[in-house]
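These notes concern the structure reproduced below.
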Amino acid sequence: MLDPLPPEDDGASPAVSTPHFVGRDREMAALRVALARPPAIVLVEGEAGIGKSRLVREWLAAPDQRTALVSVCPPLRESLTLGPIVDAFRGIDRPVSRLRLTELAGALRPLFPEWSSDLPPALPPLSDAKAARHRLFRALDELLRALHVDVLVLEDAHWADEVTLEFLLFVASRQQSDGPSLVISYRPEEVDAGSLLLRLTSRFPAGVTQLRIALAPLRPDDTAALVSSMLDGNPISQEFTTFMHERTGGVPLVLEESVRLMCDRADLVFRDGQWVRLKLRKLQVPPTVRDSTRERVGRLSPAAQQVLRAAATLAERSSVATIAMTAGLPPAACRGAIAEAADVGVLDGDDRGQWRFRHVLAATAVYEAIPSAERRHLHLLAGRALEGIDPPPVARLAHHFREAGETRSWARYAEQGAELAMASGDHTKAVDLLVDLFSWSELPPADRARVARIAGVAALGRREPVDEVYHRVIRTLRSVLETPGLSARQQAEIRNPLGRLLIIGGEAQAALSELEQAVTNLDHDPVEAARAMTYLGWAYAGPWPASTHRRWLDRAAELTAEVDSPAERLNLAGNRAAALLMLGAEEAWDVVADLPIDGATSAERLDVARIHTNVGTGALIWGRYADADKHLAVAMRLAEAEQASRLRHNVRLEQGNLAWFTGRWEGLAETSAALADADRDRPALYLGSIRLAARLAAAAGRRRAAMEQFRLVLEESARLGAADDTMEAAAALARLWLTEGNSGRALQITNEPMDTVRRKGIWVWATDLVPARIEAHLVAGDLRAATRLGDQFARGLRGRTAPAPRAALAVCRALLTAAAGDHARAARAYDRAARAWDALPRPYDAMLARERQAEALMAQGHVEQGRELLAAQYERLFGLGARGDADRVAQRLREHGAEVPRLWRGGRRGYGDRLSPRELDVVRLVVAGKTNREISRILAKSPATVDQQLRAAMRKLKVSTRTALAVKAVEAGVFAEEDSLGDLS
């Protein structure tokens, strides 16, 4: 029920006013306090219609307001890069010519061509997109400061393009140097998980005033105040307040639109001295703004409705002239219709004569009600109207011509928008704009080829991991290649980026196929031809022998000599170095020695990081682990500095491989799991992380899990054509089969990888493969085949100083010697192999070699020496984390009559500072005057175990010498019975 209005209004519908600003006193006070302590970052968040824009407008209207620049993000599917910021600057009323701007402001010319006579000369273009974007940000920041802007407002930031958000991050990072305060409004529920807005809202810079205002629905009393303010200030009853609050949820926009609808429909009348809402029970308040807006708009004149359909189609603030052309109305009629829509609170104008819907949800309601045929026509008219703006808003134009089905115009503006996006470093936006062309239109063949080439190049510039955008590009490029009538050159210019993208995705064989087809028709572009030839020189895939890969590298080197660009020469040299390492060529290290460890630009730093990652991978294959560590550290430093997530994952995987080889297994299981989860869409990295997990599973004795994981790696690597990645997986599976004595399966699983090594002639790949294969031959009783393979391995490594393959060769020779029955020579051969592994260092393989050495010693009759060596490997394997291998060694020790110490397998140790029973045994023998070697023999423990337990006892009893230990033990009364010493001995 409503309280009565004056009698003269009896029977009339109430006059509806714009609602007062109610229920936000606390938020407004907090906003004013924060902005009074600059620099500040204020975040205003809340759902649609909750009053974010109203709060900002009320603050802007305050008489003590300082200089503010307001930008609004429109809800376009593809918004113009930096469009909201550019539009905000266009609203300034100070002549640019009077501003004190440096030459840096010349970077603003592409964004503000209308100021060309007032801005400094244009700056030379930069090849590095990120550097160009940084320069543009600095220029915009300089313009902000020159205008003395105190507060930069960005409304509806959930619709902002990524570059606009990056600019806000840039401004925030410079606030401590007297930068402007930021006020940012957004809807949290519409912020994408990967949006930069999350970084801005979660990481406030130090020393900056911080405020987050989360607007909640109005309380019931504030609901009453808002409704009352719209109805000439008359109070409303508790019954009507409850009714309105329950049905609108206290959302101001829904409240406002609902009240307007009730008044438009004459549901509120003055009766018997009070305002009463008719049909209170039958006619409910519309549950959504959409319903109320559509019904209210339907009551306007046809011209006003047409204007609203045009404004809804345009989506952004637009001039009367633009709205008139879109609506198909004369300017005078359009102005009248706009005034009609503004009078009822649907449209809202600014001081520049730009109009839009007061509420986005209302615009959406109107737009969705437009029939599809009329909607296309309105988009066509909107596009034609916007073409008259200088400079043309290319992203908006692409959007409108797309929706209108005007393919050629859409393509033209999409390409322009993509070029602008790439110039700003937003390669993903460029890819989206271009790939959409193929999803929704039929372009002529020449246009399809050109747009596909640009999309491929843009995709190569992305820093994101392999995602749906990547897969869309791959599908698009492959589809375009099927277009009839493409010239050989056009196909080559598409296959070239496609091949390189396939390398990123791990499709090695497909990548080489595309590049091989492309390279013969790239003679018009020596740099790209040389780059494609260098990739063809990588031996990770394809049936070619090493000599063929080498010829491609030599051809690339000839072209590189003619390249003038230092950046391109660096790129080609780095790729050549990595390719030579894959081939096992010694000269690769000469090229590596000349590589830089940093770059002058962002693009160069990323290239240097990628090169050092590849060199680190090659160093791992060679077994040069110190070199690998150095190059991977350089790569990680640069990748982190450039925030290149895809490259960081590459480096982390190779660092995980390095940790495995060098015996630093702590946390590797977690690392492999995290990498597998992060790189599921990148087959090469995903399989690499699974291989790392499989190694750990095999060493831990989890045979079934290891076999499943290694089999996955082997099968998928073979399917993708990544020949080099099949070697270790096949060898590991062979070793697992050999533990069961199944030499047939071991030989079968290594057949194809072994053929690949022989065919390519790249024996540095065979570090794991050849020893496993030789052992399988020996178990099968084929000494001749094993010997022949060992000789081939030796010849293949001749002239190469690759430490890991050479250590593996030492293992092969020891295996063959043991098979011949010469156990003394075999023991020495295994010792040499273990020392070779230790020199890398590669401790796990060294332990396995010493295990075989111990077996050879015992086979020749040196049981005690062999048992002692075997016990030492048991403890080292156990400590490393190779519990499965440790259990096998323990079983062998028991078979040879040795007592196997029970090592701690995790959980509570239970003794604290007290000596354990085994430590007591050692201490008793120390008191008896026994040496560590004697104690080792008496207790059937390795010297290492005795030493470890002795040190633990000394630490617990707080002594530092054996003598002090004996004295302390006797003083403590540990040894009451002398006879026990004789029993122990």
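- The two residues I690 and A676 make their nearest non-hydrogen contact at CD1-CB, 4.3 Å.
- Residues satisfying the side-chain hydrogen bond (donor to acceptor under 3.5 Å, both in side chains) criterion with R758, sequence neighbours excluded, are Q792.
- Other residues, nucleotides and ligands place more than 12 heavy atoms under 6.0 Å from the CD atom of Q891.
- At least one test fails for R576 against the ring of W538: distance under 6.0 Å to the centre or angle within 45° of the axis.
- A distance of 7.5 Å separates CD of Q853 from CD of Q865, quoted to the nearest 0.5 Å.
- Residues L583 and L553 come closest through the heavy atom pair CD1-CD1, 3.7 Å.
- Residue I597 qualifies as open at atom CD1: its count of foreign heavy atoms under 6.0 Å is 12 or below.
- Side-chain atoms of N751 and R773 include a donor-acceptor pair closer than 3.5 Å.
- For the pair R711 and W737, the NZ or CZ position fails the cation-pi test of under 6.0 Å to the six-membered ring centre and within 45 degrees of the ring normal.
- Across R610 and L647, no two heavy atoms sit closer than the pair N-CD2, 3.8 Å.
- Contact record, Y470 with R462: N-NH1, 4.0 Å, taken as the closest heavy-atom pair.
- When all heavy atoms of R735 and D768 are compared, the closest pair comes out as NH1-O, 3.9 Å.
- Residues T726 and E752 bring no donor and acceptor atom of their side chains to less than 3.5 Å of each other.
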D887 and R883: CA distance, side-chain angles, deciding distance, salt bridge (Lys or Arg N to Asp or Glu O under 4.0 Å) verdict: CA-CA 6 Å; D887 289 343; R883 303 293 173 82; over 6 Å; no
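- R531 and N575 form no side-chain donor-acceptor contact under 3.5 Å, judged by distance and modelled atom types alone.
- Tested against T613, the residues V634, L638, N650 include a single side-chain contact (heavy atoms from CB on, under 4.5 Å) partner, N650.
- A cation-pi arrangement is absent between R835 and Y830 under the rule of less than 6.0 angstrom and at most 45 degrees off the ring axis.
- In plain terms, the two heavy atoms of A776 and A746 that are nearest each other are CB-CB, 3.8 Å.
- Evaluation of the ring-ring contact (aromatic ring centres under 6.0 Å, His included) test over residues 597-616, restricted to residues two or more places apart or in two chains, returns H612-H631.
- Checked against the 6.0 Å centroid criterion, the rings of W665 and Y844 qualify as a close aromatic pair.
- Taken to the nearest 0.5 Å, the OG atom of S689 stands 10.5 Å off from the NE2 atom of H649.
- For E587, the CD atom sits in a packed shell: over 12 heavy atoms of surrounding residues, nucleotides or ligands are nearer than 6.0 Å.
- Classification of the W544-W552 ring pair by plane angle, with boundaries at 30° and 60°, yields tilted.
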